[in-house]
Amino acid sequence: MRYVTTFFWTGILGALIGYIGGALSNVSVNYEQAMVAALVAGSLGTILTYFISKNNAPQVKTSDESEAEA
């Protein structure tokens with residue numbers, strides 16, 4: 001559910017950024033292109049965050065490992 005919410009808000013914010021960027025550039029807004037670009041960027045960010053946090057998680061010793069060392 002966390003990822004569904006992330007993609008939902010990524011699409012909304014992508015449309016908003018596309019609208020503001022179009023208004024500042026005085027061009028027509030292509031919402032489909034803005035949302036697809038935002039969803040691709042959001043997907044990459046979500047995947048990178050998952051792998052970064054997985055690799056940097058502290059290693060916890062279990063009771064079996066601590067008995068084997070003793």
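These numbers come from a predicted model, not from an experiment.
Taking each heavy atom of G14 and A34 in turn, the nearest pair found is O-CB, 3.6 Å. Residues M35 and G11 approach most closely at CG-O, 3.6 Å, considering heavy atoms.
L39 is linked by a side-chain contact (heavy atoms from CB on, under 4.5 Å) to F7, T10, counting only residues two or more places apart in sequence or in another chain. For A37, there are no side-chain contact (heavy atoms from CB on, under 4.5 Å) partners, not counting sequence neighbours.
If you take OG on S53 and CG on L48, they are separated by 10.5 Å, rounding to the nearest 0.5 Å. Expressed to the nearest 0.5 Å, how far OG1 of T49 lies from CG of L44 amounts to 10.5 Å. Atom OH of residue Y31 and atom CG of residue L16 lie 9.0 Å apart, to the nearest 0.5 angstrom.
Looking at heavy atoms from C-beta onward, V4 lies out of side-chain contact with F8 at the 4.5 angstrom threshold.
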Applying side chain to side chain contact (heavy atoms under 4.5 Å, CB included) to Y50 and T46, what does each step give before you reach the verdict? CA-CA 6 Å; Y50 171 76; T46 302; 5.8 Å; no
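Residues L24 and Y19 fall within the same hydrophobic cluster, defined by Ile, Leu, Val, Met, Phe, Trp and Tyr side chains chained together at heavy-atom separations under 4.5 Å.
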